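Note that the coordinates shown come from a computational prediction; the quantities given were computed from them, not determined experimentally.
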Amino acid sequence: MKISFPFQRGRLILPPVTIEHQYETQPAMALDTGARMTIITPQLAEEIGIEVDLPEREVQLIGVAGSAWAIATVVNRISILGLTVDRVPVICHPLSPRLGLDGILGLNFLQHFNLSIHHDTETVSLEKIC
Amino acid sequence: MDENLNIAEVMQEHPDEWLLFEVLKDHQSPLPVEGRLLFHGKSREELHKVLMKVRNHEHSFLIRYSGDPCPPDAVVVL
């Protein structure tokens with residue numbers, strides 16, 4: 001199954017994401033092929049029913065602007081237009097409010113798909129790897 | 001805020017705001033066009049408070065920011 005969705009050239013790519021845990025939301029998340037892990041904010045984690053006060057383990061986040069400690073946990077399901085990945089490990093860490101994002105979809109989610117970014121037509125296509 | 005509204009139109013009417021919509025769980029056509037507007041405002045924290053009160057297992061909750069996530073005076077490197 002192959003799906004596609006639009007984006008605006010030169011801006012962050014915001015796919016139509018659904019996250020299911022105890023509760024289901026469709027948050028504002030950016031696609032990031034340079035991030036090894038998927039990140040969700042502590043607010044989003046709480047909204048979908050993850051108990052952020054009971055961290056399974058701490059991990060160190062390392063980025064271009066420095067490093068920080070964050071909480072690693074697992075989300076039951078993340079999907080884009082019906083293409084689903086179950087039991088996705090995520091890092092729970094705040095993002096700058098100026099970004100207008102609830103999370104970042106990283107390679108540990110994207111590795112389940114063949115991903116094409118078409119700048120000429122301003123579309124992204126995803127095909128699930130069997 | 002009881003009626004279903006067009007999500008794209010509401011986002012245009014409320015620029016640079018966080019918006020929360022209640023939408024039907026419909027995994028056959030998972031891109032919602034309409035939803036019930038539950039919150040709009042500048043604060044993600046206020047949206048969080050509303051969502052924690054209204055969340056339920058029958059609906060999905062669409063969260064959107066209607067502004068530009070790349071402010072003109074900033075460079076975004078994720």
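- No more than 12 heavy atoms of other residues, nucleotides or ligands sit less than 6.0 Å from atom CD of B:Q12.
- Side-chain contact check for B:R44 versus A:D102: some heavy-atom pair is nearer than 4.5 Å.
- Hydrophobic cluster membership differs between B:L47 and A:Y23, with clusters built from Ile, Leu, Val, Met, Phe, Trp and Tyr side chains linked at under 4.5 angstrom.
- Of all non-hydrogen atoms in B:R55 and A:E47, the two that sit nearest each other are NH1-O, 3.2 Å.
- Both the backbone and the side chain of A:E46 come within contact range of chain B, with heavy atoms under 4.5 Å apart.
- Only the backbone of B:N56 comes within contact range of chain A, with heavy atoms under 4.5 Å apart.
- Note on A:L115 and A:F109: same hydrophobic cluster, where clusters join Ile, Leu, Val, Met, Phe, Trp and Tyr whose side-chain heavy atoms are under 4.5 Å apart, directly or indirectly.
- B:R64 and A:A28 make their closest contact through NH1-N, 4.0 Å (heavy atoms, listed as atom of the first residue, atom of the second, distance).
- Residue B:V50 is grouped with residue B:Y65 when hydrophobic side chains (ILVMFWY) are merged at heavy-atom distances under 4.5 angstrom, including chains of intermediate members.
- Rounding to the nearest 0.5 Å places CD1 of B:I63 at 9.0 Å from CD of A:Q43.
- With a 4.5 angstrom heavy-atom cutoff, B:L62 touches chain A via backbone and side-chain atoms both.
- Within the 3.5 Å criterion, the main-chain N or O of A:Q22 finds a donor-acceptor partner in the side chain of B:H57.
- Linking ILVMFWY side-chain heavy atoms closer than 4.5 Å, directly or via other members, places B:L37 and B:L24 in two distinct hydrophobic clusters.
- A continuous path of Ile, Leu, Val, Met, Phe, Trp and Tyr side chains, each step under 4.5 Å between heavy atoms, connects B:F39 with B:V54, placing both in one hydrophobic cluster.
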